[in-house]
Amino acid sequence: MLLERLPSQSAEDAGFEERYADHVTARYGTLTIYGLDAGTQEWPLDTAYLSLELAALRELGGRPRVQVAGVMRAEELLAGLLPGRLTHLWLNAELPDTDVSWLTGFPRLRVLRVNPRLPRVRNVPDGVEITA
């Protein structure tokens with residue numbers, strides 16, 4: 001009965017959680033690698049982890065089915081995935097460009113699953129089925 005008389009704080013809680021997440025990302029969301037001589041030394045943490053995961057996946061011989069989440073560039077996917085192994089790709093990632101003609105670099109790719117909440121992809125190579 002006491003809870004029924006208290007006002008809802010869900011909107012206030014959601015606002016706090018959003019502000020806190022922004023603060024944590026701004027404060028701790030960068031990976032710095034010391035000892036590099038030139039070039040970029042800092043990366044957004046989510047990009048750094050995704051790139052490391054793709055490098056590890058490639059080193060392990062790749063996989064025929066891969067799900068990608070986060071923000072990725074086509075160049076990162078081309079460098080991280082083995083062209084001869086990939087048959088199914090699930091893009092649960094926001095791509096800076098919706099043109100996926102670069103997928104022609106994966107000759108065995110047959111199924112492209114795209115999160116329906118993401119922008120619609122275009123220039124899908126022939127023979128690749130799009131599912132949601």
Check your understanding: Rounded to the nearest 0.5 Å, how far apart are CG of L91 and CG of L103?
Key -> 7.0 Å
Review point. Any side-chain heavy atom of V114 within less than 4.5 Å of one from L112?
Key: yes
Point to revise | Working for side-chain hydrogen bond (donor to acceptor under 3.5 Å, both in side chains), residues T131 and R113 | key: CA-CA 5 Å; T131 64; R113 183 175 178 188; 5.0 Å; no
Check your understanding: Does V100 belong to the same Ile/Leu/Val/Met/Phe/Trp/Tyr cluster as I130, with side-chain heavy atoms less than 4.5 Å apart forming each link?
Key -> yes
Review point. Which residues pass the side chain to side chain contact (heavy atoms under 4.5 Å, CB included) test with R120, sequence neighbours left out?
Key: none
Between side-chain atoms of residues 77-90 and protein atoms elsewhere (two or more places apart, or another chain), which donor-acceptor pairs fall under 3.5 Å?
from : atom 1 : to  : atom 2 : distance (Å)
T87  : OG1    : P64 : O      : 3.1

Check your understanding: So how far is it from N92 CG to L118 CG, rounded to the nearest 0.5 Å?
Key -> 6.5 Å
Point to revise | R122 CZ: over 12 foreign heavy atoms closer than 6.0 Å | key: yes
